[in-house]
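These notes are about the structure you will find just below.
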Amino acid sequence: MTIKTRFAPSPTGFLHVGGARTALYSWLYAKHNGGQFVLRIEDTDLERSTQEAIDAIIESMKWLKLNWDEGPYYQTKRFDRYNKLIDEMLADGRAYKCYCTKERLEKLREEQMKRGEKPCYDGHCRCSQEQHSPDEPYCVRFKNPTEGTVKFHDHIRGDVEISNRELDDLVIRRTDGTPTYNFCVVVDDYDMGITHVVRGEDHVNNTPRQINIYKALNAKVPEFAHVSMILGPDGAKLSKRHGAVSVMQYRDDGFLPEALLNYLVRLGWGHGDQELFSVQEMIDLFDLDTVSKSASAFDLNKLKWMNNHYIKTLDPEYVASHLEWHMKDQKIDYSKGPALSSIVKAYAERCSTLKEMAEQCRYVYEDFTELDEAASKKWFKANTPEVLTRCLEKFAAVSEENWKAENLHPVVESVAQEMEIGMGKVGMPLRIAVTGRGQSPGIDVTMELIGKSKCMERIERVRDMLAGAN
RNA sequence: AUUCCCAUCGUCUAGAGGCCUAGGACGAAACCCUCUCAAGGUUUAAACACGGGUUCGACUCCCGUUGGGAAUGCCA
């Protein structure tokens, strides 16, 4: 049997990291088993579904490189199919028309709550003999079995069993004629040949109802895996007030898809002591049956650590292609300076995000007027003009084409030696002069990146400024 | 209220009855390295929610308590 999984988000908002993890697990399971992965948009809620959300979900999936073999399918395009089945069920009594008004249902619920009962539809129209005129509005309810229990084996949770007495007759077609989610998923998963349904934990309670529908449709029941929730750092359900929740926000904040994927796969799953997984390793090693049952808290620090790891270890050209996005985002014109891959090489170890990297390397491409105050105060001494002057003299002797870190480093060293001061007393004033900041990559590589003419200009300017002040 | 689900360091996890004096990672602390900031290296602190069973033996199995979460929609 070919394994076929799907990811079926409802387009009511952006792709949440929780949804992304579910999609990843589903995708990995299919890939691991040489199966197929389907993307389906569950847009039966006409009120809340938006094209904007559909676009955002697709963009997120593409950014994460979670490619799908089929789809995207849209439930709204399959209404005829659902309604045909519902009509058939209506005809042979697997479903029935319900004329109950909202008011009656509300009252019923209130009374049940008051009595301390679980609010459930009472089956009023299931057995009613009332006559209704053809133009009276109605919805359609599924005739759920009243006896017995529903059992299923969940790949993550194990065996789950619930009594049919807990389940009421759910609405499968609204009064306005549109079918509802619990019915559509079943029909879709059946029609599309889904063998394994991997989805969020919030669907565990719906599963028994859906299994009953599968049976009513005489369809093969797929296997299930319900993935737990993702919590914020405070243990509450992860939401916007915790910071970034949408996949695109992580892109905007400077994360690499490789890092997000690795972080997400480890959040709820492990393979011994291994922390770092390439996508191929994930595919080879991932297993639904060992996914953690409990909810897990999102730890931004660990994601940052992983992001830094991938910034350092992935091909600099590749990382640069992502950095490019942030350079544009921050409106830094990088066309007249060093290649972005050389920025990646120099800044990788000191940046946990690409957004930071873009911010930090700005002075390589643009001039600045302000110098970091704290750093200046700490490192600019009485002898600084002399230090800078000596550097300037020696740097002048280095040609443009020899303006390389390995040739610049000896200059700094020799100035320190000649003046009998530490490297820091030379390097730091230089760094501040050339970058305007108190921190940067090694002073030699930094100067190489900035280039000779700009370095000379900047050093001179600061030297003159300090000399003038004395 | 009812039903279902969950429970190992602050966080993510390893652990499928003896391998556990509970391992790793992030974070934290300390030290080393060092031209800054990082990165890197070494080290330290830090957990089996509680109570009963079962067993020669329980982090691991069972029951209960407590604490979280979800569902009970003509949302998905």
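Since the model is a prediction, treat every value here as computed from it, not as a measurement. Chain letters run A, B, ... following the sequence lines, proteins first, then strands; residues in each count from 1.
Under 4.0 Å is where a charged nitrogen must lie from a carboxylate oxygen, and between A/Asp189 and A/Arg40 at least one such pair does.
Proximity of A/Thr44 to the phosphate of B/A76: a side-chain N or O atom is located under 4.0 Å from OP1 or OP2. Contact check, A/Arg174 against B/A76: a side-chain N or O comes under 4.0 Å of OP1 or OP2. Put simply, A/Ser296 has a side-chain N or O that comes within less than 4.0 Å of OP1 or OP2 on B/U13. Put simply, A/Arg109 has a side-chain N or O that comes within less than 4.0 Å of OP1 or OP2 on B/G73.
For B/C4 and B/A25, the P atoms lie 41 Å apart once the distance is rounded to whole Å. The separation of B/A47 from B/U66, taken at their P atoms, amounts to 26 Å, rounded to a whole angstrom. To the nearest whole angstrom, the two C1' atoms, one in B/U60 and one in B/A7, are 14 Å apart. For the P atom pair drawn from B/C6 and B/U21, the interatomic distance equals 29 Å after rounding to whole Å.
A/Ile86 is listed as a side-chain neighbour of A/Phe183, based on a closest heavy-atom distance under 4.5 Å.
Residue A/Met306 is classed as having no contact, given no heavy-atom separation below 4.0 Å to the nucleic acid.
Summary of the strand contacts: A/Asp273 and A/Arg157 both lie near RNA chain B, and taking for each the nucleotide with the nearest heavy atom, the more 5' one is attributed to A/Arg157. Toward the 5′ end of RNA chain B lies the nearest nucleotide of A/Trp269, the other residue of the pair A/Thr175 and A/Trp269 mapping further downstream.
Within a 6.0 Å radius of CD in A/Glu370, no more than 12 heavy atoms belonging to other residues, nucleotides or ligands are found.
A tilted orientation is assigned to the rings of A/Phe298 and A/Tyr250, their planes being inclined by 30° to 60°.
You'll find that the side chain of A/Gln75 is closest to B/A76, out of B/C35, B/G73, B/A76.
Under the Watson-Crick or G-U wobble criterion, with both distances below 3.5 Å, B/G67 is paired with B/C6.
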